[in-house]
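The block underneath contains the structure these notes are about, expressed in C-alpha cells.
Because the structure is predicted, anything quoted here is derived from the model rather than measured. Excluded from the calculations below are hydrogen atoms, water molecules and symmetry mates; all remaining heavy atoms, backbone and side chain alike, are included.
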2 protein chains.
Amino acid sequence: MTGRSTRDEIVDASDRLFYRRGYGETSFADIADAVGISRGNFYHHFKSKDAILQAVIEVRLAETKRMLEAWERESGDPADRIRCFIRILIVNRADIGRYGCPVGTLSTELVKMNHASRGEAVALFSLFRAWLGRQFAALGRKRDADALAMHLLAMSQGVATLATAFGDEAFIRREVRRMCDWLDSCVAGSAIERNEGE
Amino acid sequence: MTGRSTRDEIVDASDRLFYRRGYGETSFADIADAVGISRGNFYHHFKSKDAILQAVIEVRLAETKRMLEAWERESGDPADRIRCFIRILIVNRADIGRYGCPVGTLSTELVKMNHASRGEAVALFSLFRAWLGRQFAALGRKRDADALAMHLLAMSQGVATLATAFGDEAFIRREVRRMCDWLDSCVAGSAIERNEGE
DNA sequence: GACCGATTAGGACAATTGTCCTAATCTGCA
DNA sequence: TGCAGATTAGGACAATTGTCCTAATCGGTC
C-alpha cells in the first residue's frame, strides 16, 4: 500500500498541529519534526502546505460524518442524538480549554486570512448544521429546524470560546446542563406544535 | 507632545491589522506599510512586536472601559444597559462577519500560542464579565449574576463565530432578538426571586 | 548660527519561511 | 541478481521574519 504510512502520518501530525497552534503558526519544520522526516521531502507527498490543509480538512469531514452516523445508530430518539452532540463539549473539555473548538478556530482563522480552503472549513460547520437540523425536524420542529440548529451550534461555539479564555471546565458543565434544559423545552414546545398543527 | 503622532499611528494600525489578520499573521512590514514609516525604525518606539501587542491591548482595555461607562450613563436600568451590550453584535455586524469578534479571536489566538500577553487579552473578557455581572446583580439576580454574565458572553461569542463562518447577518439579528427575549425572561425571573426572597 | 536630543531612513543580521532539486536508498518484480 | 519506480535525505533557493545598528535629519534652546 503506497505511501500509507508516511502520507497519513503527515496528515495526522498536521491535523494535531493545526489544531493546537493554528494553521498559520504551524511551519513545515514543525510537521517534519513531529513526523520525523526531512523537510524537503514533503513535496513527494504534497505539492504545497495548502495541499496538506486540504487533506486535513478532508479527513476531518470524513471523521465527522462517521461520528454523526454513529450517533444516529446509537439512538433512534432525535433528542438523544442531539444530546450526543452537546456532550462532546464535556468529552473534549480538556482540549477545548487549551485550544478551543477545532471547527470554530480553524474556520475563523481561514476566513480571516481569506484562505482558499475557508469554504471547506465552513463545510465542517455545515455538516453539523444540517445534521442537527434534521434531528430538530424529526422532533417536530420542521418550521424552525435550521434556526434551532444554528442556535445550538452558536451556544456550543460560545461555550468553547469562553472555556478557552478562562480555562474553566466547571463553566462547560454548567452550560451543558443549560443546553440540555433548553433542548427539553424544545421537545415540549414541539409536542405543543404537533397538537396545534394536526 | 513627544511621539504622539507616530507612536499612536503604529498602535492604531497594529490594532486594525491584528484584528483583521490576526496577531501572528501580521508582520512588521505590514504595519510599516500601513503607517508609512521604515521598518527598522520601529525600535525607537517599541522594543519588540510583543510590546506593540501590549500597547494595543492596553488601548482596547481603556476603550472598553470607556464604552461600559458610557452605557451606564445612557441608562439607569440594568436591563437597558445589558441591551446596549447585546446590540454591539448588530452595530458591528459587518466587521464581525469578516473578522469575528476582536475580543474572542485575539484571546483564542494568544491562548493557543501560549503568548505572554494572553492574560491581558483575557482581561478584556473579564471587563465585560464583571460589568455584566454587576448589571444582573442590580437586576436582583445576585445569586447567579456571574453565571448569567458568562452565559450572555458565551451566546454573543457563539453568534460571532457562526456569523463569521457563514457570513450571515440575518442570523445575527435573529439571535439578538432571542437574546433580548432571554433577558426579558431573566428580568421576570428576578421579580419572582425578589418576591420569594424578601 | 551652533548645539542638543528626538526622530527618522535605510540597510545589515541571522534565522526561518515555503518551495524545489538532486542524488542516494529502498522495495518489489523479472 | 538486476532493474525500475517509489521513497527518502539533505541541502540550495529566494523571500520574509523580527531585531538591531548607524548615519542622516529634524525641532527647539542657548
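- In this structure, the CZ atom of B:Arg7 is 11 Å from the P atom of C:dT7, given to the nearest Å.
- When the salt bridge (Lys or Arg N to Asp or Glu O under 4.0 Å) test is applied to B:Arg93, the partners found at least two apart in sequence or on another chain are B:Glu169.
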Would you mind writing out the side-chain donor-acceptor pairs for residues 170-179 of chain A within the sub-3.5 Å range, not counting sequence neighbours?
{"residue": "A:Glu175", "atom": "OE1", "partner": "B:His151", "partner atom": "ND1", "Å": "2.7"}
{"residue": "A:Glu175", "atom": "OE2", "partner": "B:His151", "partner atom": "ND1", "Å": "3.4"}
{"residue": "A:Arg178", "atom": "NE", "partner": "B:His151", "partner atom": "ND1", "Å": "3.4"}

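- Residues passing the salt bridge (Lys or Arg N to Asp or Glu O under 4.0 Å) test with B:Arg21 are B:Asp30, sequence neighbours excluded.
- Among the nucleotides D:dG18, C:dT17, C:dT19, the one closest to the side chain of B:Lys49 is D:dG18.
- A search for salt bridge (Lys or Arg N to Asp or Glu O under 4.0 Å) contacts involving B:Glu74 returns nothing, not counting sequence neighbours.
- Among residue pairs with one or both ends in residues 55-93 of chain B, those qualifying as ring pair (Phe, Tyr, Trp, His ring centres under 6.0 Å) are B:Trp71-B:Trp131, B:Phe85-B:Phe128; sequence neighbours excluded.
- Distances shown here put a side-chain N or O of B:Thr6 below 4.0 Å from the OP1 or OP2 atom of C:dT8.
- Atoms CZ (B:Phe46) and C1' (C:dT7) sit 14 Å apart, rounded to a whole Å.
- Using cut-offs of 30° and 60° for the angle between ring planes, the B:Trp182 and B:Phe136 rings count as perpendicular.
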Pick out the pairs of N or O atoms, protein on one side and nucleotides 20-23 of chain D on the other, that lie under 3.5 Å.
{"residue": "D:dC20", "atom": "N4", "partner": "B:Gly40", "partner atom": "O", "Å": "2.9"}
{"residue": "D:dC21", "atom": "N4", "partner": "B:Gly40", "partner atom": "O", "Å": "3.3"}

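- Out of D:dG18, D:dA6, C:dT8, the shortest distance to the side chain of A:His44 is found at D:dA6.
- Within the structure, the salt bridge (charged side-chain N to carboxylate O under 4.0 Å, His left out) test picks out no pair touching residues 33-54 of chain B (sequence neighbours left out).
- Considering only side-chain N and O atoms, B:Ser27 lies nowhere under 4.0 angstrom from the phosphate OP1 or OP2 of D:dT16.
- Residues of residues 28-38 of chain B that place a heavy atom closer than 4.0 Å to DNA chain D, in numerical order, are B:Phe28, B:Ala29.
- Rounding to whole angstrom units, NE2 of residue B:His115 and P of D:dG18 are separated by 11 Å.
- Think of A:Tyr99 as one node in a network of Ile, Leu, Val, Met, Phe, Trp and Tyr side chains linked at under 4.5 Å; its network also takes in A:Tyr19.
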